[in-house]
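A short worksheet on the structure shown next.
Residue numbers run from 1 in the order of the sequence given. Excluded from the calculations below are hydrogen atoms, water molecules and symmetry mates; all remaining heavy atoms, backbone and side chain alike, are included.
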Amino acid sequence: MSTLEILTGILFNNIFQAIWLCCILPEPKHSRKKTVLIVTGTTILYTFVALAICTVAFRVFPAAIGVFLGYIAGLIIYSIMYCFLLSASRPVKSLFLYTGYFSVHTIIITTVSIVTNTYALGNLLVWVLRVVFNLAVLIPWLLFFRERIFRMYKEIRSSYGIMSMISIMCYVIQTLFWVYNMQSQSRDTFFKIVLIYAFGLTVAMYLMIFRHIAQSDHANRMKQLQANEKFLQAQIDSYKKMGENARQTRHDFRHHSMVVAEYAKNKDYQAILSYLSEYDEKEREKYQEDFCRNHATDMVLSAYANRCEQNGIEISADVWLEETEGVSDYDLVTILANILENAVNGCMEIEGDRRIEISIGLKGRKLVMVCKNTCAPDILFEKGLPKNREREGIGVESILNTVAKYSGVVDFSASDGIFVCRVVLNNRKRQKK
């Protein structure tokens with residue numbers, strides 16, 4: 001194998017590596033421009049490393065070992081770049097997509113190696129086949145699967161360790177076949193049958209993983225719909241009460257008019273003023289005053305204030321919030337409704353003093369929410385998150401998923417019968433990645 005063939009092979013290989021790694025990045029740490037610069041810099045670095053390894057190794061070891069050493073060097077360099085420099089996901093979660101891509105990559109080079117009877121490096125036919133196979137996978141990925149899988153991937157909050165482990169095992173199997181294929185002098189029918197079986201098994205495993213992700217995504221959405229249904233029901237109850245108060249006001253207005261008219265006949269103007277003042281105070285008590293100028297926040301607080309009143313829970317709100325430019329109303333409602341839902345449920349588990357205190361406001365470019373509620377003294381925590389003994393909690397998971405969209409932080413704690421939830425969101429207009 002000539003130096004030109006090695007150089008051409010490394011360049012073609014690295015170009016596709018860079019393209020693929022940019023296309024399988026659902027949660028980037030940086031802007032698109034910075035991401036491309038990091039990938040380009042890493043690709044250049046690996047190109048020199050691979051050239052050095054191949055140049056030295058081919059003089060000392062057989063060609064197969066030189067190719068393998070270059071392959072391992074690329075795996076290590078790109079995995080560090082992807083999991084720690086590019087992806088905002090946890091490294092163990094990032095490994096799932098990373099090893100998934102490398103499984104596809106290994107299947108492609110093994111297939112090309114068998115078809116061309118080479119190390120999948122070198123001549124023009126090799127690179128035509130590799131380009132065709134890569135595009136055959138890359139184009140459907142970008143057109144049909146990427147957005148959907150990324151959306152589901154972002155919702156994964158658990159079990160990604162197991163999924164990553166399965167993905168790594170599939171990749172190791174494909175790598176072992178590739179290594180055996182490079183060292184094998186003959187590729188008999190049995191080897192090809194086993195290889196096809198391994199390819200099929202790998203594809204089946206990934207289909208099962210993606211099916212599991214899809215089912216988890218569907219379950220999470222159904223749970224979120226149920227939570228939103230509770231909020232909407234609370235709103236409906238609030239509107240019903242307002243309607244009843246309005247009907248009562250219209251019904252009683254004639255009687256109040258008669259009293260005011262009687263005072264007017266007697267020219268008792270002071271009594272009229274006193275009566276109207278008392279009437280205004282009573283009417284104000286019937287209707288919930290606005291909590292803030294942010295319509296979405298006000299609607300949620302009004303609905304849950306009404307629910308708290310029905311359940312004997314004292315609620316106080318200190319809210320200084322107008323329209324937010326960086327946080328959508330939908331996400332704001334999702335977080336706040338789940339916080340208050342959990343607070344109400346926590347209060348309902350105890351007897352005696354039941355109260356909720358919530359404060360919401362902007363501090364610079366940060367939107368800060370703090371909710372405190374009375375709770376049972378024996379709240380369980382698992383990895384810093386409250387765990388419900390009796391039912392599967394969905395509110396906490398929904399809060400975490402939504403907060404993650406804004407690169408925010410959320411904290412839960414409980415002490416002396418008071419549960420505290422703190423949420424901080426970045427209230428900035430999010431730029432397109």
Side-chain angles (χ1 to χ4, degrees), residues 1-2 5-6 8-17 20 24 46 50 53-54 57-79 95-141 162-211:
M1 187 179 297
S2 67
E5 288 179 333
I6 295 173
T8 305
I10 291 173
L11 289 176
F12 268 91
N13 187 70
N14 289 357
I15 289 171
F16 268 106
Q17 297 273 46
W20 266 108
I24 60 168
Y46 172 59
I53 290 175
C54 291
F58 282 5
R59 295 176 180 176
V60 180
F61 303 107
I65 296 180
V67 173
F68 178 71
L69 291 175
Y71 179 82
I72 294 299
L75 175 67
I76 294 172
I77 291 173
Y78 279 117
S79 63
L95 276 174
F96 168 63
L97 286 179
Y98 178 77
T99 53
Y101 156 67
F102 262 92
S103 292
V104 173
H105 171 74
T106 308
I107 289 175
I108 290 175
I109 62 175
T110 303
T111 303
V112 172
S113 175
I114 293 174
V115 171
T116 60
N117 196 29
T118 66
Y119 296 126
L121 291 171
N123 60 54
L124 180 62
L125 177 60
V126 167
W127 290 108
V128 168
L129 289 175
R130 289 190 65 169
V131 169
V132 169
F133 286 150
N134 270 280
L135 291 179
V137 180
L138 182 62
I139 292 174
W141 163 260
I162 296 175
M163 291 187 293
S164 295
M165 183 176 66
I166 294 173
S167 182
I168 292 171
M169 291 174 65
C170 289
Y171 166 66
V172 170
I173 290 173
Q174 299 307 320
T175 302
L176 291 175
F177 272 104
W178 175 63
V179 172
Y180 179 80
N181 174 67
M182 287 197 302
Q183 295 180 339
S184 177
Q185 298 296 324
S186 62
R187 303 178 181 91
D188 55 18
T189 303
F190 178 75
F191 172 77
K192 293 178 181 178
I193 291 174
V194 174
L195 187 63
I196 293 172
Y197 174 80
F199 287 174
L201 181 62
T202 299
V203 172
M205 293 299 292
Y206 279 107
L207 289 175
M208 289 180 61
I209 291 174
F210 287 127
R211 180 177 176 81

Heavy-atom distance under 4.5 Å between the side chains of [X] and [Y], does that happen here?
{"X": "F177", "Y": "I107", "result": "no"}
{"X": "M163", "Y": "M205", "result": "no"}
{"X": "F102", "Y": "Q17", "result": "yes"}
{"X": "W127", "Y": "N13", "result": "yes"}
{"X": "Y98", "Y": "Y78", "result": "yes"}

Taking atom [atom1] of [X] and atom [atom2] of [Y], what is their separation to the nearest 0.5 Å?
{"X": "I139", "Y": "N134", "atom1": "CD1", "atom2": "CG", "value": "10.5 Å"}
{"X": "W20", "Y": "H105", "atom1": "CH2", "atom2": "NE2", "value": "11.5 Å"}
{"X": "I108", "Y": "L129", "atom1": "CD1", "atom2": "CG", "value": "11.0 Å"}
{"X": "L195", "Y": "I173", "atom1": "CG", "atom2": "CD1", "value": "12.0 Å"}
{"X": "T116", "Y": "R130", "atom1": "OG1", "atom2": "CZ", "value": "10.0 Å"}
{"X": "I77", "Y": "N14", "atom1": "CD1", "atom2": "CG", "value": "9.0 Å"}

Given the rule in the side-chain contact (heavy atoms from CB on, under 4.5 Å) test, do I109 and F133 qualify, once you have shown the distances and angles that lead to the verdict? CA-CA 9 Å; I109 62 175; F133 286 150; over 6 Å; no
Check this for me: L125, atom CG, are more than 12 non-hydrogen atoms of other residues, nucleotides or ligands nearer than 6.0 Å? yes
Tell me if a side-chain donor or acceptor on T118 pairs with a main-chain N or O of S113 at a distance below 3.5 Å. no
Locate the shortest heavy-atom distance separating Y206 from S103; write the atom from each residue and the value. OH-OG, 3.2 Å
On a heavy-atom basis, which atom in G100 and which in S167 lie closest, and how many Å separate them? N-OG, 3.3 Å
Using ring centroids (six-membered ring only for Trp), state whether F191 and Y180 fall under 6.0 Å. yes
Among all residues two or more places apart in sequence or in another chain, which pass the side-chain hydrogen bond (donor to acceptor under 3.5 Å, both in side chains) test with T175? none
Taking atom types as modelled, is there a side-chain donor on N181 or T110 under 3.5 Å from an acceptor on the other? no
What pairs of donor and acceptor atoms, side-chain ones from residues 64-72 against any protein atom, are under 3.5 angstrom apart with sequence neighbours left out?
unit_1 : atom_1 : unit_2 : atom_2 : d
Y71    : OH     : T106   : OG1    : 2.8
Y71    : OH     : Y171   : OH     : 2.9

